[in-house]
Amino acid sequence: MSRYNSRISEPKWQKKWDESEIFCANRDESKNKYYVLEMFPYPSGRIHMGHVRNYTMGDVVARYKSAQGYNVLHPMGWDAFGLPAENAAMEKGIHPGDWTYQNIADMRAQMLPLGLSIDWSREFATCDPEYYGHQQAMFIDMMAKGLAYRKSALVNWDPVDMTVLANEQVESGRGWRSGALVERKELTQWFFKISDYSEELLNALDNLDNWPEKVKTMQANWIGKSVGLEIKFPVTQKYNGFSEIKVFTTRPDTLSGASFIGISPDHPLSKDLEKSNKDVLSFNAKCRHSGTSQQDMDKAEKIGFDTGLTVSHPLNPKKILPIWIANFILMDYGTGAIFACPAHDQRDLEFAIKYSLPIIDTFFSIENKIKVKENAFVPPKTEIVEWVDHFTGITKASGEEAIDLTIKLAEDTGWGKSITQYRLRDWGASRQRYWGCPIPVVHCEKCGVVPEKKENLPIKLPKDITFDKPGNPLDRHSIWRNCSCPSCGDKAKRETDTMDTFIDSSWYFARFTSPRSNTPVDNKEASYWMNVDQYIGGVEHAILHLLYSRFFARAMNLTNHLPKKAIEPFNALFTQGMVTHETYSIPEASSIKRKVWYSPDEVHKKNNKILVKDTGKEAFVGPTIKMSKSKKNVIDPQDIIDQYGADTARWFVMSDSPPERDVEWTTSGVEASWKHLNKVWRLVVDAKNDTTSKNKEDLILERSAHRSINEVTKGIESFSFNKSIANLYDLTNTISKSKAGSGAKISALKVLSKLMMPFTPHIAEEIWEALGELELISKSPWPKANRELLESDDVTIAIQVNGKRRSLITLSKSLEKKEIESLALADENIKKILNGALPRKVIVVPGRIVNVVL
RNA sequence: GCGGGCGUGAUGGAAUGGUAGACAUAACAGACUUAAAAUCUGUGGGCCUUGUGCCGUGGGGGUUCAAGUCCCCCCGCCCGCACCA
C-alpha cells in the first residue's frame, strides 16, 4: 500500500472501466452531446509518441467533458488503405490485407494500455468491406449528381511502378520508390467536382471561429481566389482556327505596357504547333521534362520559343504583339496564356531581357524608368500614381481605380470581361493501385461507363492477387475484371482504378456516429452526434484532409447521406505540435558529412558527455527534431509504459510545452513526472495515517484547492494543458507543506485527484478508492469552485513610485481607494523615498497596484 | 517573392496594460544515510559600490501614471505556399 504500482493499478482500472462500459456512447436526446475526435491513425504497426500525445489530448477533453455531464462520443478507427501495405506485400510477400489487419491488432494492443476513454464498440477500418461498400454507394450517387466524373488529365506517371503518383510522391523529378524519371502523361481519370464549391468553401471559412487562423489562411490560399479580367487578343494571321488568344490578368491596369503574349507549352495552340513543327515539339518536350520538383522550379531558367504568330493589342489594333511559348506559364491556371508586361512584372521582365523584347513603362516618373531596368515596378493598388497611358487616357490614378476603369472599358467595348479565377483544381480521385476502395463502375462496349447496381455492393477486392509484376494487380485479374454490364447484361470489364485514400478519411467521422448502420450514415444518429465538437490532429493535414472533408460533407448532404447541419463537420479544430528528441551522432571516418546515428538507448550520459554504450566513444548532441527512424531519435511508447506506466507518459506529454508547440522528450522530464505521481501517492498514504485535528490551516488549504479547481478548469477549457499541470504541481506542493488537519488534507486530495483524472486517470481512481470513495472517479462529476473560497479577504499589492516597485503591503480587500492610498503613503519604505515631498498624483487600482507619481 | 507565427534565465515555459521569470528541468548547497539512490530543506536573470541599489523580456523609437504585452521601424528564427499571371 505504501508504494504506487502502475503495473498492477493500470490494468485493474482499465478492466473496471471496460466492465462498466462507461465509455460506450449512446444517443440520449435528453442530454447534451460532445463529440471529441482525434485524427485516426494509419495502421503502420506501431504507435509512436505523436500518437500518445494526440490521443492523450483528446482523452483529457473527453474525460473532462464527460465529468461535466456531457454525453461524450470518443471513437477510434483505422485509416487502413494505402501504399505501405502494397510495399510490404512486395517486400515480404504478405497479402496487404493480412498485413494491415495484423498491424491493427498490434496497434490496438499498444493503445489499450494507455487507458483512453474510447468507445471501442464503434471501431472500424476503412478497408472493411462494410465501410467501403457504403463509400461505393455514395460514389454512385455522386456520379449521378455530376460530383464524380471522368476526364482526361495530365498526371505524374511512374513508368517502372506503372502507376500515377501524387505530386508529393515525386522527388526531384523521380518516383519516390522506383527512382525512375517521372513522365507527364495524359490519362483518363476520375475526379470530384470540388471546384464547384470553391467560393462556398472559401466563404464558409469565416464562420469557423474555433479553427486556427493559420489553417484557415492556408485553405484560403489554396483555394486561391483572384478577380480579374479575361482579355481576347485577336490573332492577326489565320492559323488552324485559332482566331484569338484568351488571357487572364489580375492587373488590367498594366495592359498598355503589354509587349508580347506568352502561352504555356501545354496550351492548345502550342500543342497544335508541335504537330507540324519539330522545333516546337522539342522545345515543349524540354519544358515538360523539368519543372516537377521544387528544386527544379527554383533554379529553372526562363526559356521561350517565338511562334512567329502575332496578335493585335485590343486598345490599339495597329500595335502588333508576338506570341511566345514560355516555360513559366502554367496550363492549369487561368487560360494558360498571359499578356506580358515586362515593366511591371518581374517574370516578364526577366524573359523580355533574355529575348530582347520591348519594355514599355506606362508610368511617368523618370525614377521608375531607371529602376525598371532590373526590377519591375509593380503599381501600388491603393496609392495614386502618375500614368502615361495613351490608350485609356488615364493620367493619374491608383492601381485599383485604373483596374476598374480598364475592366469597364473592356466590357463596354467587348474585348474582355471580368471573371473570377480559382487556384483550386478538381480532386483527382483515382489511383492505379490494388489496396484501395474499388471504383464501382464497369466499362461496357455498348453502354460505356456504367455504375454498378447498388444491390451488388460492396464490390470487394479479390483476395487472390499477385505482386510479382509491377503495376496494378487488378488489371491482371481476369476473373475479377470480367463481369456483365449492369445495364444491358452483356460482357463488360470492371474499372480497375481504386479510390484515393483521402476519400476514406473524408467521411469516417460521420460513420462513427452509426458504425453498424446499413446506410452510410444513420440520419437520426448523425443528427444527434454531428458535428465533431473538437477535432484534434497534426497541422500537416491543414489543407488536403480538412478541405476534402469539408467538400465531402457537402457532397454527402447533396446526395442525402448527411444532414444539412453537418456540412461544416468540425466545429473546433486543434492542431497539436510534434514530439521531438535530441539526436546523437558520430561522423564517419571516411566523410565528415556522413554520420552514424545512435538512438537514445544506445548512449548514456557521463560527466556531461554523451557516450556510446558499446564503444565508449563520445557522440555529438545534434539538433532536437521530430522523432524519426532515420535519425534514430525515437522513444518507443511501449518501453515507457512498461517502465513507468501510462499515467507517467500521459502526464509528461501534457506537462511542459503548450500543446500546439513541439514538446521535447527528455529522460529527466519523464522521471520527474514519475516522481511526482509517486509523491502524490505518498501524500495520500500520509494523510490517511495523519491524526492532526482540525485547525486554522484548514481554511487556507481549502482555499488553495478551490483556486486550483478554477485554474485547472480554465487551463483545460483553453487547451493550455501545461498551465493546468503547473497548477496541479502547485496544489500538490501546497498540500505537502500544509499543517492542516487530516480531514482537510483528505478533502484537498480528493479535489486533486478529480482534477488529475483527465490526465492520469488510473492513479486518480486509485486515490479515489484509497480515500474511501466507492464510485468510479471517471463517473463522478467535475468539482465546482466555491466563489467565496476563491479569494481571501486580504490581498498583497505592490506600491510603485514612478512605475517602479518600492514596497509591498498586505491589506483588506474591502478597503476604499482613499483608504488604500493613505495606507500606501504611510508605508515606511514609501515615506523614506518621498522624504516629505508631496506626490503629484496617486493611482490606485484596488486589488492590484498603487502607483505614486512624483 | 507572398502568407502565417515566434523571439522572456542554462533549458521547457508563466504573466486580463498593473509585483517579469509561476510551475518544471538541469545545476549547487545542506539534512538523513557507512555510502549511493530515493526523500526532505534551501539557493536559483545579470551587475556592483550589498543599497532593499542599478540594469534586464532580439535591437531602436513612441503611447501611458505604468509596456514582455499596444503602435512604428529594424534584425533574427520557424512554418506554409510558390514562375498562380
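Proteins come first, then strands; the chains are lettered A, B, ... in the order of their sequence lines, and each starts at number 1. Predicted, not measured: the structure shown is a model, and the values here were computed from it. The analysis underlying the following values was restricted to heavy atoms, covering all of them including side chains, and did not include hydrogens, waters or symmetry mates.
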> Would you write out the dot-bracket form of RNA chain B, 5' to 3', with Watson-Crick and G-U pairs under 3.5 Å, [ ] for crossing pairs, | for pairs to other strands and . for unpaired bases?
Replying inline: (((((((..(((.....[....))).(((((.......))))).((((..).)))..(((((..]....))))))))))))....
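Among the nucleotides B/rA15, B/rG18, B/rG12, the one closest to the side chain of A/Lys723 is B/rA15. If you check B/rA85, B/rG12, B/rG3 against the side chain of A/Ser226, the one that comes closest is B/rA85. In this structure, of B/rA24, B/rG13, B/rC40, it is B/rA24 that holds the atom nearest to the side chain of A/Asn733. Distances were taken from every side-chain heavy atom of A/Tyr333 (C-beta onward) to each of B/rA85, B/rU19, B/rG4; the shortest belongs to B/rA85. Distances from the side chain of A/Asn722 to the nucleotides B/rC79, B/rG13, B/rG3 place B/rG13 closest. When each of B/rC54, B/rC83, B/rG13 is scored by its nearest atom to the side-chain atoms of A/Arg661, the top-ranked nucleotide is B/rG13. Nearest nucleotide to the side chain of A/Ile843, out of B/rA24, B/rG4, B/rG18: B/rG18.
Rounding to whole angstrom units, CZ of residue A/Arg423 and P of B/rG80 are separated by 15 Å. Rounded to an integer number of Å, the gap from CD1 of A/Ile725 to P of B/rA24 is 12 Å. Rounded to a whole Å, the CG atom of A/Leu229 is 12 Å from the C1' atom of B/rA85.
Across all strands shown, A/Ile797 has no heavy atoms under 4.0 Å from either base or sugar-phosphate atoms. Across all strands shown, A/Lys737 has heavy atoms under 4.0 Å from sugar-phosphate atoms exclusively, and none from any base. No engagement by A/Asn727 is indicated, since no non-hydrogen atom pair under 4.0 Å with the nucleic acid exists. A/Val853 comes within contact range of the sugar-phosphate backbone alone, with a heavy-atom separation under 4.0 Å but no base atom that close. Counting any heavy atom pair closer than 4.0 Å across all strands shown, A/Ser807 reaches no nucleic acid atom. Residue A/Tyr729 is classed as a sugar-phosphate contact, given heavy-atom separations below 4.0 Å to backbone atoms only. No engagement by A/Glu664 is indicated, since no non-hydrogen atom pair under 4.0 Å with the nucleic acid exists.
Under the 6.0 Å cut-off for aromatic ring centres, A/Trp665 and A/Phe652 qualify, their centroids lying closer than that. Two rings, from A/Phe351 and A/Phe328, have their centers less than 6.0 Å apart. No close placement of the A/Phe502 and A/His545 rings is indicated, their centers lying 6.0 Å or farther apart.
A/Tyr422 does not carry A/Lys225 over the face of its six-membered ring by the limits of under 6.0 Å from the centre and within 45° of the normal.
In this structure, the separation between CD on A/Glu711 and CG on A/Leu731 is 11.5 Å, given to the nearest 0.5 Å.
Not one side-chain nitrogen or oxygen of A/Asn851 sits closer than 4.0 Å to the OP1 or OP2 atom of B/rU64. Residue A/Lys675 places at least one side-chain N or O under 4.0 Å from the OP1 or OP2 atom of B/rA38. At B/rU52, none of the side-chain N or O atoms of A/Arg805 fall inside 4.0 Å of OP1 or OP2 (strictly under the cut-off). Put simply, A/Lys679 has a side-chain N or O that comes within less than 4.0 Å of OP1 or OP2 on B/rC40. The side chain of A/Lys246 places no N or O atom within less than 4.0 Å of a non-bridging phosphate oxygen (OP1 or OP2) of B/rA85.
Using atom P as the reference point in both B/rU16 and B/rG61, the two lie 27 Å apart (nearest Å). Rounded to whole Å, the P atom of B/rU63 lies 15 Å from the corresponding atom of B/rC72. Annotation: B/rC79 and B/rA67 have their P atoms spaced 35 Å apart (nearest Å).
By the 6.0 Å contact criterion, NZ on A/Lys216 is enclosed, its count of non-hydrogen atoms from other residues, nucleotides or ligands being greater than 12.
Classified by interplanar angle (parallel below 30°, tilted 30° to 60°, perpendicular above 60°), the ring pair A/Trp681/A/Tyr4 is tilted.
Looking at A/Thr583 and A/Asn633, their side chains never bring a donor and an acceptor atom within 3.5 Å of each other. Between A/Asp426 and A/Ser195, the side chains place a donor N or O and an acceptor N or O closer than 3.5 Å (distance only, hydrogens not considered).
B/rG46: glycosidic angle beyond 90° from 0, hence anti.
Residue side chain A/Arg848 reaches the base of B/rU16 through a donor-acceptor N/O pair under 3.5 Å, judged by distance alone. Contact of A/Lys302 with B/rC83 (side chain to base): a donor-acceptor pair of N or O atoms is detected under 3.5 Å.
If A/Glu213 and A/Phe328 are placed on RNA chain B by their nearest nucleotide, the residue sitting closer to the 5' end is A/Glu213. RNA chain B is contacted by both A/Glu671 and A/Ser655; A/Ser655 maps to the nucleotide lying nearer its 5′ end (nearest heavy atom per residue).
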